[in-house]
2 protein chains.
Amino acid sequence: MSNQGGLRERKKEATRQAISDVATELFLERGFDNVSVAEVAEAAEVSRMTVFNYFPRKEDLFFDREEESRQLLRTAFAERPAGEAPIATLRKLVHSLADRVHPFAKFTDATAKFWRTVAESPALSARAREMRDELINDLASVLAGAINRPLADADARLAASMVVTALTVAYAEGLREHKARRSAASSRETFLRIMERSFSGIAIMLKDTPYA
Amino acid sequence: MSNQGGLRERKKEATRQAISDVATELFLERGFDNVSVAEVAEAAEVSRMTVFNYFPRKEDLFFDREEESRQLLRTAFAERPAGEAPIATLRKLVHSLADRVHPFAKFTDATAKFWRTVAESPALSARAREMRDELINDLASVLAGAINRPLADADARLAASMVVTALTVAYAEGLREHKARRSAASSRETFLRIMERSFSGIAIMLKDTPYA
DNA sequence: CATAAAATTGTACTCAGTATAATATTTACT
DNA sequence: AGTAAATATTATACTGAGTACAATTTTATG
């Protein structure tokens, strides 16, 4: 039987982390497309097959936190005050992320380097876009679920698409601001300013729906 | 020297078209991921290398009209009345596309099958997302250029992202409506209704900028 | 018809990702 | 402790996209 805190589980987690760490380091150093999975395996002192055992796709070695955003949404809506408009819940969540300097609203040299590495690799860029679309789908489901609407509700899809698009633009501009001014405060303000403008527009789009 | 309407040019174009046609047919029939480039080459009676000569990536065999959307934007803004708000120009363009039943606003069994084939292939979906991002970048440049702003203008990026996102959602819902009701009129209406709602919200987002 | 330019092809390669079977290691049980 | 079952790791061999480069065929031009 599988032992929760057993040696096997701990070793697996350690192996996984070791592979991910050494891979991330190599990718940041030399660029995602200039490092083969075989090299990662060798550097992690593990076989190529083991790498693919833990990470089905090479891109997963770099993007190792997809589940986090999903969880973030679920808890935000689980704790939502009854009767609050879903869009208001999201607006609060965004401010909370900015206040807590969550990775999704963090503008530092490290995050800049991370996203530069993504931008320089077609494969990583493609995976980032895919994750964006998955986030939109998740959010649409959560939004529709929050007010007991069918999961394919068109208004939910519009709302989710617009919010995630706003986040993408706001985050990109936040990063640009960081590169230009190197100020955490002004990056944060740029990010929030764009999100606020976006939310005001999104509210209009959804004004005759239960989402706003 | 290269002869404009010479035999060589005509033959090249014919070969290219023949490859693209036979590939599209195979992909629609059996699915993009179940047909190898080698098979396409064989069916087109051409070598594998020749296929890659004309179409650098396999996905290009299916998406063969990327330039069209680019051109659509440029001409719309070239013919724009002086002083018209860029967002108004886009709104008119969308209505014009719907009226002319342009491929970007066309809801038929054929377009449904086309996009179903895309949805069923990870590679084609990825390429579609990439094209969406390229369209956003193009549109942002055109918007900024239209009012003599720097090409990286944040407002232009926000506007472009929002409009393309709206188009994506509106088109998807138009397709869904087609599948449900098989009515060209009601698909068109669904599409335009979502676009109108989106434009009204986008106008709010940009109300203090020269774009709206 | 000969020759230059350009299109097509052949060959050999790299790399991601998959399938499958063999081997090593941990766990559970006596 | 020792052993059998479960599971992690590895070896091997494969497919298919995409690239590099050289050889060959086809078209254009004098």
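In what follows, chains carry the letters A, B, and so on, assigned in the order in which the sequence lines appear, proteins first and then strands, with residues in each chain numbered from 1. What you see below is based on every heavy atom in this structure, not just the backbone, and it leaves out hydrogens, waters and symmetry mates.
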Roughly, in whole Å, what's the span from [atom1] in [X] to [atom2] in [N]?
X: A:E13; N: C:dT26; atom1: CD; atom2: C1'; value: 17 Å
X: A:N34; N: C:dA16; atom1: CG; atom2: C1'; value: 15 Å
X: B:E9; N: C:dT8; atom1: CD; atom2: C1'; value: 16 Å
X: A:N53; N: C:dA19; atom1: CG; atom2: P; value: 13 Å
X: A:F27; N: C:dC15; atom1: CZ; atom2: C1'; value: 13 Å
X: B:R10; N: C:dA7; atom1: CZ; atom2: P; value: 15 Å
X: B:L61; N: D:dG16; atom1: CG; atom2: P; value: 16 Å
X: B:R30; N: D:dG16; atom1: CZ; atom2: P; value: 11 Å

Look at the side-chain N and O atoms of [X] and state whether any lies under 4.0 Å from the OP1 or OP2 oxygen of [N].
X: B:S47; N: C:dT9; result: yes
X: B:Y54; N: C:dA7; result: no
X: A:K11; N: C:dT25; result: no

Every protein N/O within reach of nucleotides 17-19 of chain D N/O, cut-off under 3.5 Å:
residue, atom, partner, partner atom, Å
D:dA17, OP1, B:V37, N, 3.3
D:dA17, OP1, B:K58, NZ, 3.2
D:dA17, OP2, B:V37, N, 3.3
D:dG18, OP2, B:K58, N, 2.7
D:dG18, N7, B:R48, NH1, 3.4
D:dG18, N7, B:R48, NH2, 3.0
D:dG18, O6, B:R48, NH2, 2.9
D:dT19, O4, B:R48, NH2, 3.4

Using the side-chain contact (heavy atoms from CB on, under 4.5 Å) criterion, which residues pair with [X]? Sequence neighbours excluded.
X: A:D21; result: A:Q17
X: B:S161; result: A:T165, A:V169, B:I136
X: B:A88; result: B:E84, B:A85

Stems where DNA chain C pairs, listed by first number, each of three or more Watson-Crick or G-U pairs under 3.5 Å: C:1-30 with D:1-30
With side-chain hydrogen bond (donor to acceptor under 3.5 Å, both in side chains) as the rule and sequence neighbours excluded, what pairs involving residues 35-45 of chain A come up? A:R30-A:E39
Would you please test A:Y211 and A:D153 for side-chain hydrogen bond (donor to acceptor under 3.5 Å, both in side chains) and show each step? CA-CA 11 Å; A:Y211 293 102; A:D153 187 60; 2.8 Å; yes
Tell me whether the count of non-hydrogen atoms from other residues, nucleotides or ligands lying under 6.0 Å of CZ in B:R181 goes above 12. no
Looking at every heavy atom in both A:V164 and A:R132, which two are closest together, and how far apart are they? CG1-CG, 3.7 Å
Run the side chain to side chain contact (heavy atoms under 4.5 Å, CB included) check on B:T24 and B:D64 step by step: do they pass? CA-CA 10 Å; B:T24 301; B:D64 206 9; over 6 Å; no
Quick check on ring pair (Phe, Tyr, Trp, His ring centres under 6.0 Å): which of A:Y171, A:W115, A:F114 does A:F107 satisfy it with? A:Y171
